[in-house]
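Values in this document were obtained by computation on a predicted structure and should not be read as measured data. In listed order, ligands and their atoms are each counted from 1.
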Amino acid sequence: MNQPRHLLTIADLDLETVASLCATAKLLDQDRTGRAANANLSQRVVALLFERPSTRTRLGFESGMAYLGGHAVSMSAGEFQFGHGTEDVTDAARAASQFVDGVLVRTGDHETLEQFTSAAEIPVVNALSDRAHPCEALADLYFLQSRFETIEGLPVTWVGDCTNVARSFASVCVLAGIDVRIACPPTYRFDDETIALIRSLGPGSLRFFDDPVSAVEGSAVVYTDVWTSMGQEDEREERLAAFSAYQVNSDLLSSAPDAIVMHCLPANRGKEITTSVLDGDRSVVWQQAKTRLPMQQAILEYVCT
Ligand code: CP
Ligand code: NVA
């Protein structure tokens, strides 16, 4: 039996596969029912197991499956039998493998996802864990490709927390030859192992800055995410204090006059980004969000066929 195609982190993919996913997403962007991309998931069923809330990721997978003629069964925490002591996660994976063609899992603990995957006989896709959000990052890369003539050497700056999204975004950017700068407090940087792994993924670069102003100078893109991710709610106050100098606001953007502004959403208006920037002329967050559908359809096509 062939090994199922899992997608837990960007490191699971090579550049050729990423390029192929972006090419398929481009065709699906023209026609979400899949004719242009020759994509068809009729008679295919996937399960969406969401331990944490979601708007974009869940809508992308559910509607993406439906447009391609397939079906998605969605379950939220409390509706499936693992994660609260009732069933071993590997038993749940073995059972799910008997019913559906793939499983998309959102969990707070990346190790749970790895355990689930170790026992799954069908493809498993990370729909966000505390460590990674590859579906977001692949959509973001496709967005950058559609926005810029060339992305090789593109200067992009991440401002704020080194979140799951930051890790996957930096990974896919380095893989694709993009120059990534991260402005964050030194104690919130990725650990050394993660930094080495990201740098090993491709020809792009990864540099850290304490000062957000120096980091954004000359950038084509300024990207941020929440300061308190799901599961970190107990640290909210200390994070607010630690990141207060890293807000994406009009002052900071005056040092990056050509930059567009990205955010994976949901945004915490008035915290990591001001409302005037999020709703302003430089913000591309809604166009960015729109790419989630074609990219997640491309991912479904990749893992299910
Ligand atoms: N960006 C993102 O993944 O959004 P959701 O949490 O709403 O899915
Ligand atoms: N870093 C955020 C991303 C949400 C899409 C979180 O994990 O809550």
Side-chain angles (χ1 to χ4, degrees), residues 7-10 25 46-65 72 74-77 83 103-113 125-144 158-172 182-185 188-190 194 221-236 238-240 242-243 246-248 261-269 271-273 278 283-300:
L7 172 50
L8 302 196
T9 72
I10 293 295
V46 294
L48 270 62
L49 307 182
F50 274 52
E51 274 191 323
R52 294 258 163 95
S54 166
T55 304
R56 284 142 287 264
T57 310
R58 182 165 168 180
L59 281 174
F61 281 130
E62 283 202 27
S63 60
M65 230 23 220
S74 290
M75 294 188 219
S76 302
V103 187
L104 305 108
V105 183
R106 174 169 285 203
T107 174
D109 182 0
H110 193 82
E111 280 168 22
T112 302
L113 183 65
V125 174
N126 181 359
L128 181 147
S129 68
D130 56 344
R131 201 182 301 167
H133 196 4
C135 300
E136 174 72 53
L138 288 164
D140 292 341
L141 182 72
Y142 164 58
F143 175 78
L144 292 177
W158 182 277
V159 178
D161 191 19
C162 287
T163 62
N164 40 10
V165 176
R167 189 178 282 107
S168 295
F169 182 69
S171 299
V172 87
I182 296 185
C184 74
Y188 284 88
R189 289 180 186 174
F190 300 128
T194 300
V221 175
V222 172
Y223 194 151
T224 191
D225 184 10
V226 292
W227 292 337
T228 304
S229 286
M230 292 182 271
Q232 297 174 331
E233 290 78 7
D234 290 351
E235 302 169 25
R236 187 180 301 276
E238 69 191 75
R239 288 176 158 275
L240 274 178
F243 289 105
Y246 294 84
Q247 185 184 61
V248 176
V261 176
M262 294 175 68
H263 193 306
C264 54
L265 305 174
N268 210 339
R269 289 170 180 260
K271 298 291 189 298
E272 76 278 0
I273 189 165
L278 193 71
S283 166
V284 293
V285 299
W286 312 116
Q287 297 96 305
Q288 178 190 352
K290 183 173 179 281
T291 61
R292 300 294 304 280
L293 175 59
M295 179 49 80
Q296 288 183 201
Q297 287 185 300
I299 292 168
L300 287 165

Atoms of ligand 1, numbered as shown, that sit under 4.0 Å from any heavy atom of C264: 1 (N)

Those residues with a heavy-atom separation under 4.0 Å from ligand 2 are L128, T163, N164, V165, D225, V226, S229, M230, L265

Could you check whether the rings of W158 and Y223 sit parallel, tilted or perpendicular, using 30° and 60° as the cut-offs? tilted

If you measure from each heavy atom of L128 to ligand 1, is any distance below 4.0 Å? no

Shortest protein heavy-atom distance from atom 4 (O) of ligand 1, along with the residue and atom involved: R56 NE, 2.9 Å

What are the atoms of ligand 1, with element, lying closer than 4.0 Å to any heavy atom of H133? 2 (C), 3 (O)

Ligand-residue contact atoms, ligand 1 with T55, heavy atoms, under 4.0 Å: 5 (P), 7 (O), 8 (O)

R106 heavy atoms, cut-off 4.0 Å: which ligand 1 atoms fall inside? 3 (O), 5 (P), 6 (O), 8 (O)

Test item: Q247 side-chain N/O and E272 main-chain N/O as donor-acceptor pair under 3.5 Å: no

Rounded to the nearest 0.5 Å, what separation is found between the CG atom of D234 and the CZ atom of R236? 9.5 Å

M230 to ligand 1: N or O pair under 3.5 Å? no

Where on V165 is there a heavy atom closer than 4.0 Å to ligand 1, on the side chain, on the backbone, on both, or on neither? neither

At what distance is the nearest protein heavy atom to atom 2 (C) of ligand 1, and which residue and atom is it? R292 NH1, 3.2 Å

Which atoms of ligand 1 sit under 4.0 Å from any heavy atom of T57? 2 (C), 3 (O), 5 (P), 8 (O)

Do any N or O atoms from the side chain of Q296 and from the backbone of T57 form a donor-acceptor pair under 3.5 angstrom? yes

